[in-house]
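Encoded as structure tokens, the structure appears first; notes follow it.
We name chains A, B, ... by the order of the sequence lines, and we start the count at 1 in each one.
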Amino acid sequence: MKIATWNVNSIKARLENALAWLKAADPDVVCLQELKCEDDAFPSLAFEELGYNVVTHGQKTYNGVAILSKRKPEDVRRGLPGNDEDGQARYIEAVFSRKSGMVRVASIYLPNGNPVGTEKFAYKLRWMDHLHAYAKALLTLEEPFVLAGDYNVIPTPLDAKNPDAWKTDALFQPESRARFGALLNLGLTDAIRQVHGDAPGLYTFWDYQAGAWQRNNGIRIDHALLSPQAADLLKDAWIEREVRTQERPSDHVPVVVELK
DNA sequence: ATGACATATGAGATATGA
């Protein structure tokens, strides 16, 4: 079972890219972020024609998350549980039943948080605290789950080509990194690091500006975190780097985890 | 370089991203 996460930076602008990648990669579940459209405007039909079910949690202009899946989504939750006052569409979750058992999948678009020292950064940290509390609650169920999405966190210097350039950025602040680390300390597994160890050069985002892609000036900010029961099912995890060579690409590429 | 690109909104310039 292949579960992917991809920040598409507008689903309408990226529709052809997304359809092409789905046909080539054939994932079972796809967590999308930054739809930048309301639910009614999401191009569901195009994905349904490829055999996917579609659930969305969108809003006008900004944010927005979705889950595409070959299996029927069950128990769909929109909005991060316990964070009900959040007016921004950044979380959707669904459960999938398989012969070998269920798996819960969440599509997460964590706040960027820039500039540091503003309410935006405080909002990011609060959002991460809510996510921590919810992950802790989910863990008590002792079920396989995958929290996949754009975390907007560079976990370690190994996850950036030029870590010094991100020193003042919200994505690389000690407070952001500590909260990401706290998720791992709960017992969650970073699927890419589990499979690839401390390998350098594993990036999921390259800025559109200043030839970042051509210079491979990337960062790893899109992550799939697995519960212990999901980690036991982990077969492989990889980054779909070549998607960045598409015409009019997203600035992010998909991350895929394959479970038994 | 409070920039470079890209996108949405809406019809020019601004907000947001990372």
If I take atom [atom1] in residue [X] and atom [atom2] in nucleotide [N], what distance separates them, rounded to the nearest angstrom?
X	N	atom1	atom2	value
Gln33(A)	dT7(B)	CD	P	17 Å
Gln59(A)	dG17(B)	CD	P	10 Å
Asn217(A)	dA18(B)	CG	P	15 Å
Arg220(A)	dA18(B)	CZ	P	16 Å
Lys120(A)	dT16(B)	NZ	C1'	6 Å
Glu247(A)	dC5(B)	CD	C1'	16 Å
Tyr62(A)	dT16(B)	OH	P	5 Å
Phe205(A)	dT16(B)	CZ	P	17 Å

For a quick check of understanding: with a heavy-atom distance under 4.0 Å over all strands, which category does [X] fall into, base, sugar-phosphate or nothing?
X	result
Lys124(A)	nothing
Tyr151(A)	nothing
Asn7(A)	sugar-phosphate

Starting the side chain at C-beta, find the nucleotide from [options] nearest to [X].
X	options	value
Ile219(A)	dA18(B), dG10(B), dG17(B)	dA18(B)
Ser10(A)	dA15(B), dG17(B), dA8(B)	dA8(B)
Trp166(A)	dT16(B), dA8(B), dA18(B)	dA18(B)
Asp150(A)	dT16(B), dC5(B), dA18(B)	dA18(B)

Worksheet item: Does any donor atom in the side chain of Gln33(A) or Asp150(A) lie under 3.5 Å from an acceptor atom in the other side chain?
Response: no
Discussion item. Testing the basics here: between Leu35(A) and Val65(A), what is the closest heavy-atom pair and its distance to 0.1 Å?
Written reply: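 Answer, listing the atom of Leu35(A) first, then Val65(A): CD1-O, 3.4 Å.
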Worksheet entry | Closest non-hydrogen atom pair between Ala66(A) and Thr56(A), with its separation | CB-CG2, 3.9 Å
Worksheet item: Within 45 degrees of the axis of the six-membered ring of Phe96(A) and under 6.0 Å from its centre: does Arg104(A) put its NZ or CZ there?
Response: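 Checked: cation-pi criterion not met.
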For atom [atom1], what is the distance between [N] and [M], given to the nearest Å?
N	M	atom1	answer
dG10(B)	dA6(B)	P	23 Å
dA1(B)	dA15(B)	P	23 Å
dT7(B)	dT2(B)	P	24 Å

Side-chain N,O ([X]) to OP1/OP2 ([N]) below 4.0 Å:
X	N	answer
Arg14(A)	dT7(B)	yes
Asn112(A)	dA18(B)	yes
Thr61(A)	dT16(B)	no
Tyr109(A)	dA18(B)	yes
Arg248(A)	dC5(B)	no
His252(A)	dA18(B)	yes

Fill in: Residue whose nearest DNA chain B nucleotide is more 5′ - Tyr208(A) or Gln88(A)
Tyr208(A)
Worksheet item: Taking for each residue the nucleotide of DNA chain B bearing the nearest heavy atom, is the 5' side occupied by Lys36(A) or by Asn152(A)?
Response: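 That would be Lys36(A).
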Worksheet entry | Side-chain ion pair, Arg179(A) and Asp129(A), N-O less than 4.0 Å | yes
Worksheet item: When the aromatic ring centroids of Tyr109(A) and Tyr151(A) are compared, is their separation below 6.0 Å?
Response: no
